[in-house]
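In what follows, a structure is listed as structure tokens, so that the remarks can point back to it.
These numbers were taken from a predicted model, which means no experiment stands behind them. Numbering of ligands and ligand atoms starts at 1, following listing order. Side chains included, hydrogens not; waters and symmetry mates left out as well; all remaining heavy atoms used.
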Amino acid sequence: MTSDAQRLAARISDATLAFQDVLTIYLGERLGLYDDLERNGPSTSAQLASRTGTHERYVREWLEQQACAGILGCAEPGAPAGERRFFLTTASAEVLTDRDSLLWSAARPRSLVALAQKLPMLREAFRSGRGITDGMEDARTAQGDLGRAAFLRQLATEWLPAVPDVDARLRAEPPARVLDVGCGSGWASIALARGYPLARVDGLDLDPAAVEDARANARTHGVEDRVAFHACDAAAPELREGYDLVIAFEAIHDMPRPVEALAAMRRLASPSGTVLVVEMKVGESFALPPPPNDRLNYGWSVLTCLSSSMCGEEPAGTGTLLRRGTLESYARRAGFSAIEDAGVPHEGWTFWRLLG
Ligand SMILES: C[S@@+](CC[C@H](N)C(=O)[O-])C[C@H]1O[C@@H](n2cnc3c(N)ncnc32)[C@H](O)[C@@H]1O
């Protein structure tokens, strides 16, 4: 008989292995080791180290660990250490090096490492009750990189076509104006401009570094003539009103003053325009066992999102789980009359339409 205590100890032991995977994948991604193996095929530790400007002894240990973890393959495990050749399997090549794949996950460890970098500040925040404003480069770039493929491949082909009036307006003359609130690295704005060739898109974000990333991404994707990015607070954007679509992806729950941001979104939309708020698909209230996604989102919330929403005076303190009732109350305080699920098929997000 296995006791509950034994099961919990075993779970923590499994989590230790999983955490080691996260940290060693982080090293492989940040040092360019996976990308190099993808370009050059099966390699010894000395070959990989010399091509990537790394030290052979460290690289050899990493390669052997990756093979033991089942992430890399090894052609001749019985050969002398310096002669063993390691390679990406077809699956690991897709998941770790193909940035256009919906399964690409190499940046996921980066977002977790960013959480770990924040832990000393978070310990202090738990005591003081204050928020954390410091943006981590790893967190910013991982958020953008992880969303990129889905935005580019699905936003204008699957998600918005499920909201027919919005899709039709974005395809029609006169050219539609779109505002992407809390745009981060800009991939939703870029995907909108690419998928709707008439549309003009503005993206705004409080974080100037994210806005710089977004401008560079728009240039490399050839849409800088129809997409402009602005570094400003969603609550007080100096933008001309009259947008046909105002949309915020995973941003409202991070904001200390979400009602002011929603009021600005309402003001900036044209009388016939649409306001969409895209947030995590979570249960309607705290429940045990938790509804799908709630455990994962509580993890993000404790470790990062809640502390973003706790900044400044009288912060909302929303956290990642922006439940229907909370969004409805924010929306009414911002001047909307109601919210409804826009019915977009998505595993992790609900697209809320704010009415009135
Ligand atoms: C979780 S990220 C989502 C980024 C992007 N929408 C995406 O889906 O990749 C939330 C973004 O909201 C931005 N943000 C938070 N508070 C903001 C505010 N008051 N005004 C504008 N942007 C804000 C953050 O800087 C961050 O880039």
Side-chain angles (χ1 to χ4, degrees), residues 107-108 110-111 114-115 118 131-155 159-160 178-192 201-215 217-218 227 229-239 245-265 268 276-281 296-297 299-301 303-322 330 334 344 346 348-352:
R108 203 166 290 288
R110 224 193 297 156
S111 60
L115 301 184
K118 240 191 212 183
I132 300 176
T133 47
D134 302 42
M136 297 285 166
E137 189 199 342
D138 276 339
R140 185 186 81 247
T141 60
Q143 170 83 32
D145 289 354
L146 285 167
R148 176 185 168 279
F151 278 128
L152 292 178
R153 292 176 57 167
Q154 295 176 297
L155 178 56
W159 303 340
L160 290 183
V178 182
L179 176 61
D180 175 13
V181 173
C183 63
S185 304
W187 292 114
S189 300
I190 293 164
L192 282 159
V201 186
D202 287 300
L204 71 81
D205 202 285
L206 195 55
D207 179 355
V211 168
E212 279 310 310
D213 291 348
R215 287 181 181 142
N217 291 332
V227 183
F229 292 105
H230 312 267
C232 61
D233 191 324
E238 292 191 0
L239 295 168
L245 172 64
V246 182
I247 190 163
F249 290 92
E250 288 194 59
I252 298 298
H253 71 260
D254 274 337
M255 297 183 184
R257 308 198 73 81
V259 174
E260 282 87 335
L262 293 175
M265 291 171 71
L268 288 168
L276 293 177
V277 169
V278 184
E279 283 291 336
M280 266 30 102
K281 195 185 283 291
L296 176 70
N297 285 309
W300 293 119
S301 197
L303 294 166
T304 182
C305 296
L306 179 63
S307 61
S308 298
S309 67
M310 291 286 281
C311 293
E313 295 300 310
E314 298 181 28
T318 309
T320 315
L321 295 93
L322 177 44
Y330 290 169
V344 173
H346 193 291
W349 290 342
T350 302
F351 286 60
W352 296 105

Report the part of Cys232 (side chain from C-beta onward, or backbone N, CA, C, O) that has a heavy atom under 4.0 Å from ligand 1; answer both or neither where that applies.
-> backbone
Can you list the ligand 1 atoms lying under 4.0 Å from a non-hydrogen atom of [X]?
X      : result
Glu250 : 1 (C), 2 (S), 3 (C), 10 (C)
Asp207 : 25 (O)
Phe151 : 8 (O)

Does the side chain of [Y] come within less than 4.5 Å of [X]'s, by heavy atoms?
X      : Y      : result
Met255 : Val181 : yes
Leu321 : Met280 : no
Val278 : Trp159 : no
Ile252 : Met265 : yes
Pro315 : Ser309 : no

So which protein heavy atom does [atom] come closest to, and at what separation?
atom                    : answer
atom 7 (C) of ligand 1  : Gln143 NE2, 3.7 Å
atom 25 (O) of ligand 1 : Asp205 OD1, 2.6 Å
atom 16 (N) of ligand 1 : Met255 CG, 3.4 Å
atom 22 (N) of ligand 1 : Leu206 N, 3.2 Å

Please check whether [X] reaches ligand 1 - meaning an N/O of the residue sits under 3.5 Å from an N/O of the ligand, judged on distance alone.
X      : result
Asp233 : yes
Ala234 : yes
Val181 : no
Asp254 : no
Gly182 : yes
Ala210 : no

Roughly how far apart are Ile132 CD1 and Cys305 SG, rounded to 0.5 Å?
-> 11.5 Å
Atom pair CG/NE2 of Asp180 and His230 - distance to nearest 0.5 Å = 10.5 Å
Contact with ligand 1 for Ala248, non-hydrogen, under 4.0 angstrom = no
Look at ligand 1 and say whether Cys183 reaches it with a heavy atom at a distance under 4.0 Å.
-> yes
State plainly whether the residues Arg257 and Asp233 are in salt-bridge range, i.e. N to O under 4.0 Å.
-> no
Between Leu160 and Leu276, is a side chain to side chain contact (heavy atoms under 4.5 Å, CB included) present by the stated rule, with each step listed?
-> CA-CA 10 Å; Leu160 290 183; Leu276 293 177; 4.1 Å; yes
Classify the angle between the aromatic ring planes of Trp349 and Phe249 as parallel (below 30°), tilted (30 to 60°) or perpendicular (above 60°).
-> tilted
